[in-house]
Colleague: 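Starting off with a structure, shown below.
As a basis for the values below, the full set of heavy atoms in this structure was taken, side chains included, without hydrogen atoms, waters or symmetry mates.
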Amino acid sequence: MRLELGFDQSENVDKRLKRLGFDLMLAVGLVLITLLPLGLRAAAVVMVSIPLSMAIGIFLLDISGFSLNQLSIAGFVLALGLLVDDSIVVTENIERFLRMGHTRAEAAVAATKQITMAVLGCTATLLFAFLPLFMLPEGAGKFIKSLAASVNFTIIASLLVSLTVIPFLASRVLTEKEAHGNRMLQLVMGGIQAFYRPLLHRALTWPKATTALAGLLFGAVLVLIPGIGFSLFPQADVPQFMITIDMPEGSSVQATDGAVKFVENVLSTHDEVKYMFANVGRGNPRVYYNVFRRGTRASVGEVYVGLQSFDPRTTPAFLDRLRDELANYPEARIVLKRFENGPPLAAPIAIRVLGDDLDTLTEVAGKVEAVIKSVEGTRDVNNPLRLARTDLDLGIDTTKASLYGVPTLSIDRTVRLAVAGEIIGQLREPDGDERAIVVRAPMKNGYPQLDVLDDVYVNNVAGNALPLRQFIDPKLSAATNSISRFKRQRVVTVTAEVVSGYNTEKLTNVIIAKLGEVKLPPGYRFAISGEREAREASFGGLATAGLIALFGIFAVLVLEFGDFRSTVIVAGVIPLGIIGGVLALFLSGYNLSFMAVIGFIALIGIEIKNSILLVDFTHQLRDEGMGLREAIEQAGEIRFFPILLTSLTAIGGLMPLALQGSPLYSPLAWVIIGGLVSSTFLSRLVTPAMYFLLAPKMAAKA
C-alpha cells in the first residue's frame with residue numbers, strides 16, 4: 001500500500017496569487033510610466049500613495065473580517081489605477097500653481113484647497129458605484145463582496161492620503177517650475193492646444209449637433225448587445241476537472257468499478273493528464289469551493305483529474321475529444337465537467353416540469369428531453385424520470401397473514417434476510433482486518449433470485465414455521481427514483497450541458513421557443529431554471545445595485561453643485577462610457593457576464609469622477625468673473641491633462657487583468673478600459689457642449 005497526495009489546493013492558490021502579484025507589479029510600472037509628464041519628482045510624490053493606500057486598505061480589509069483571496073487581490077489590482085487619481089489631481093494642481101509663480105508652501109495649500117471639494121465629490125461618486133455591491137443577494141453577492149470591499153477600502157485610504165500626505169510631500173519635494181514644465185509636459189500640452197482646442201471650439205459652435213451625434217452613436221452601439229450575448233459566471237481556468245459516472249439504479253459496486261476503470265484507461269492514454277484519483281460507490285472529497293460531495297451509493301463513481309497545464313485555446317478542445325471517447329461506454333452515464341466560477345449551479349440549461357401525476361410528468365419530461373436533444377449545442381441531457389427504478393413488490397396478502405398470526409414486519413424482515421442478507425458478526429483476519437459475516441439465501445451468478453423465496457419459511461406468533469409463499473405474490477415493478485417538489489408542487493428537472501463555443505443564453509432561447517410548440521395537459525407547466533434563473537436573480541440584484549449607485553451619485557452631485565443642471569451635465573458622461581465598454585466586449589469576444597456588468601457599474605463612478613473635475617473648475621472660473629464660453633474653453637484645456645493622466649493610469653493598472661485572458665476578470669477590465677477610452681475623449685467635447693446648452697446660473701458675488 002502506498003499513500004500519495006491526491007489534491008493540494010495551495011498549488012492553485014499559489015499560482016493565482018503569483019499571477020495577480022505579477023499583474024500588480026506590472027500595473028505599478030505602467031502607472032509610473034503614465035506619470036512621467038508630471039516630472040520625476042511629482043511622479044515620485046504620487047507613487048507614494050500606492051503603498052500607503054494599499055497598506056491602509058489591507059488593514060481595513062482585515063479588521064472587517066475579509067480574507068486575502070484571489071477576488072480581493074483582483075480588487076486591489078483594479079483599485080491600483082484608481083487610487084492614484086486623487087493624488088494625481090492634487091499634485092498636478094500644485095504643479096500648476098508652482099508654474100504660476102507661487103512658493104511650494106503657498107502652492108500646496110492653495111492648490112489643495114481649490115481642488116478639495118472636487119476630490120471629495122469624485123471619491124464619493126466612486127464609493128457609491130461600488131458600495132451597493134455589498135448588498136447583492138444570494139450566492140453571487142457573497143462571491144463578489146470581497147472584491148468590492150478591497151476597492152472601497154483602498155479608495156477611502158487614497159482620499160485620506162491625497163489630502164494630507166501628498167500636499168505635505170509636495171511642499172517638501174517639488175521645486176519651483178519654469179513656466180511651461182518639462183519637455184514631456186510641453187509635448188502633451190502642445191498636442192492639447194494643437195488638436196483639442198480647435199475641436200472644442202467647433203463643439204461649442206454647434207453644441208446641439210455635438211450632443212445629438214453622441215446620442216446617435218450611443219443608440220447604434222446598443223444594437224450590438226444582443227450579438228454579444230449574456231452569461232452568468234465563466235468556467236474556471238484551472239488545470240483540473242471532474243468526471244462523474246452514474247450506473248443504472250441497483251447496479252453493484254463491481255459494475256460501477258468497471259465503468260470507473262474504463263474511464264481511467266481512457267485517461268491514461270493521454271499525455272496531457274498529470275494525475276487522477278477515483279472513488280467508487282461514493283463521491284470524491286470536496287476539491288473545489290462550489291462543488292459538493294455526492295452521497296454514498298453503489299451506482300455512482302467519480303474521477304478527479306489533474307492536467308499538466310491549462311491553455312485557454314487547446315484545453316477545451318482536448319476535453320471535447322475526451323468526451324467523445326468516454327461516450328463509448330454503453331452501460332453508464334459518464335459526464336466530464338469543468339469547474340466553474342461563482343455560486344454552485346446544477347447545470348447551465350435546466351427546464352422544470354411541474355404537475356401532480358407522476359405518469360404524466362414522466363411523459364412530459366420525455367418530450368422536454370427530446371426537444372433539448374434536438375437543439376444543436378447541447379450535450380449530456382439528463383432526464384431523472386427516463387429510467388425508472390426496479391422495485392420488488394412482495395404483494396403481501398395481509399388478510400391471510402393475519403389469520404395465520406404472521407406479522408407483516410416479520411415477512412419484510414425475512415425477505416430482506418433472504419435477498420439482501422443480514423450482518424450477524426465480524427471475522428477478524430490474522431493481519432488484523434475485519435470482515436462482515438453476512439447470512440443470505442444462495443445467489444446465482446452473483447445476484448439474488450426470486451425463486452429462492454420458494455424455500456423460505458416465516459414464523460408466526462406461536463413460533464410455527466410456515467411457507468413464505470403462502471402470504472406473498474412477488475413481482476418486479478417500475479418506480480421513480482425520487483419525487484422532487486418545487487414550491488410544494490411535484491416537479492422533474494431536465495438538465496443539459498453546453499458544447500464548447502455555444503452561448504448558453506442563445507441555446508436557452510431556442511429551447512424555450514421549441515417548448516412553446518409542445519401541448520401540455522391541463523395543470524402542467526414549464527419553468528426555466530439553470531443559468532437563466534440564476535442570472536435573473538443575480539442581474540436583478542445588480543439592477544437594484546445600479547439604481548442605488550445612480551441615486552447615490554446623483555445625491556452627491558446635487559449636494560456638491562446645488563443645482564439640477566450641473567448634475568445633468570456631469571451625468572451626461574455615462575452613455576459615453578457605455579459606448580466604449582460595449583465595443584470593448586464586442587471586440588474582445590467576451591459575453592455580457594456578471595463581472596462585465598460589475599465593470600459597467602464601476603465605470604459609472606470612474607467617468608463621473610472625471611466629469612466632476614471639469615464642471616467644478618468651470619464653475620470656479622465663472623465665479624471669478626470669466627465669460628461662459630471662455631470659462632468652458634479654458635477649463636477644458638486646463639483639466640484635459642489631469643483627466644487624461646488619471647484615465648491613462650487607470651487603463652495602465654487594468655491592462656494586466658485584461659490581457660491575462662481570465663474569463664472571470666478580463667471582461668470587467670475590458671469594460672472599464674473601453675469605457676475610459678471613449679469617455680475620456682468624447683466627454684471632452686460632449687460635456688462642454690452640454691454645459692454650454694444647460695449652463696447653470698452663477699450666484700452674484702456680494
Side-chain angles (χ1 to χ4, degrees), residues 1-12 14-16 234-248 251-288 290-291 293-294 296-341 347-348 373 376-382 387 446 495-502 661 663:
M1 181 180 290
R2 185 176 65 189
L3 295 178
E4 290 190 0
L5 183 65
F7 173 71
D8 186 1
Q9 188 178 7
S10 66
E11 293 180 0
N12 281 343
D14 182 64
K15 182 179 179 181
R16 181 74 66 186
Q235 293 178 320
D237 51 348
V238 294
Q240 293 98 22
F241 60 90
M242 189 79 76
I243 298 176
T244 60
I245 297 97
D246 289 281
M247 298 289 290
S251 298
S252 64
V253 173
Q254 291 79 8
T256 306
D257 184 53
V260 171
K261 286 181 178 177
F262 166 77
V263 172
E264 291 177 321
N265 291 334
V266 170
L267 292 172
S268 63
T269 62
H270 294 279
D271 295 334
E272 293 90 342
V273 176
K274 183 178 181 181
Y275 60 86
M276 70 185 90
F277 67 84
N279 272 284
V280 180
R282 62 191 302 174
N284 284 325
R286 187 175 177 182
V287 293
Y288 199 69
N290 61 5
V291 177
R293 184 173 181 174
R294 304 173 78 189
T296 301
R297 203 164 68 248
S299 60
V300 302
E302 281 189 352
V303 181
Y304 172 77
V305 186
L307 300 174
Q308 300 289 351
S309 62
F310 180 88
D311 189 304
R313 297 182 301 275
T314 61
T315 302
F318 166 67
L319 297 183
D320 287 338
R321 293 197 305 272
L322 267 182
R323 289 189 181 98
D324 293 337
E325 295 179 33
L326 296 174
N328 295 327
Y329 197 83
E331 300 177 8
R333 181 174 183 268
I334 302 175
V335 177
L336 186 156
K337 190 171 184 179
R338 288 175 58 185
F339 296 126
E340 296 182 346
N341 292 299
K373 285 184 175 179
E376 183 182 356
T378 60
R379 61 174 174 81
D380 298 325
V381 181
N382 181 34
L387 296 176
T495 62
E497 299 292 332
V498 176
V499 176
S500 301
Y502 286 83

Colleague: Just so I know, are the side chains of Ile243 and Leu267 near enough to count as touching, which here means a heavy-atom distance under 4.5 Å?
Modeller: yes
Colleague: I want to check something: taking the side chain as every heavy atom from C-beta on, are Arg297 and Asp246 in contact at a cut-off of under 4.5 Å?
Modeller: yes
Colleague: Could you measure the distance from the CD1 atom of Ile334 to the CD atom of Glu325? Nearest 0.5 Å is fine.
Modeller: 11.5 Å
Colleague: Closer than 3.5 angstrom, by distance alone: can the side chain of Asn265 be matched with the main-chain N or O of Lys261 as a donor-acceptor pair?
Modeller: yes
Colleague: Under the criterion side chain to side chain contact (heavy atoms under 4.5 Å, CB included), I'd like the reasoning laid out for Val300 against Thr244: C-alpha separation, chi angles, the key distance, then a yes or no.
Modeller: CA-CA 8 Å; Val300 302; Thr244 60; over 6 Å; no
Colleague: Going from OG1 on Thr314 to CG on Leu319, what distance comes out if it is rounded to the nearest 0.5 angstrom?
Modeller: 9.5 Å
Colleague: Closest approach of Ala347 and Ala496, non-hydrogen atoms and distance?
Modeller: CB-O, 3.9 Å
Colleague: So, does Arg379 use its side chain to make a donor-acceptor pair with the main chain of Val335 at under 3.5 Å?
Modeller: no
Colleague: Just wondering, do Gln240 and Tyr275 contact through their side chains at under 4.5 Å, heavy atoms?
Modeller: yes
Colleague: Crowded around Asp324 CG? As in, over 12 foreign heavy atoms under 6.0 Å?
Modeller: yes
Colleague: Using a 4.5 Å cut-off on heavy atoms from C-beta on, say whether the side chain of Phe241 contacts that of Leu307.
Modeller: yes
Colleague: Measuring only between side-chain heavy atoms, which start at C-beta, is Ile245 closer than 4.5 Å to Phe262?
Modeller: no
Colleague: Report the distance from atom CG of Leu326 to atom CZ of Arg321, rounding to the nearest 0.5 Å.
Modeller: 12.5 Å
Colleague: Find the distance between OH (Tyr304) and CG (Asn279) and round it off to the nearest 0.5 Å.
Modeller: 13.0 Å
Colleague: Do other residues, nucleotides or ligands put more than 12 heavy atoms under 6.0 Å from the CZ atom of Arg282?
Modeller: no
Colleague: Looking only at non-hydrogen atoms, find the nearest pair between Arg338 and Pro316 and report the distance.
Modeller: NH1-CG, 3.9 Å
Colleague: Apply the test side chain to side chain contact (heavy atoms under 4.5 Å, CB included) to residues Arg333 and Asp380: give CA-CA distance (whole Å), side-chain angles for both, the deciding distance (0.1 Å), then the verdict.
Modeller: CA-CA 8 Å; Arg333 181 174 183 268; Asp380 298 325; 4.1 Å; yes
Colleague: Which heavy atom of Ala278 sits nearest to which heavy atom of Glu264, and what is that distance?
Modeller: CB-OE2, 3.5 Å
Colleague: Give me the atom names and distance for the closest heavy-atom approach of Met247 to Thr256.
Modeller: CG-OG1, 3.5 Å
Colleague: What's the shortest heavy-atom distance between Pro239 and Ser309, and which atoms?
Modeller: CB-C, 3.9 Å
Colleague: Please tell me if the side chains of Val303 and Val260 come closer than 4.5 Å, counting only heavy atoms from C-beta onward.
Modeller: yes
Colleague: Do Glu497 and Arg323 touch side chain to side chain, with heavy atoms closer than 4.5 Å?
Modeller: no
Colleague: CZ of Phe310 to CZ of Phe318: how many Å apart, nearest 0.5 Å?
Modeller: 12.0 Å
Colleague: Can you name the closest pair of heavy atoms from Val273 and Gln308 and give their distance?
Modeller: O-NE2, 3.7 Å
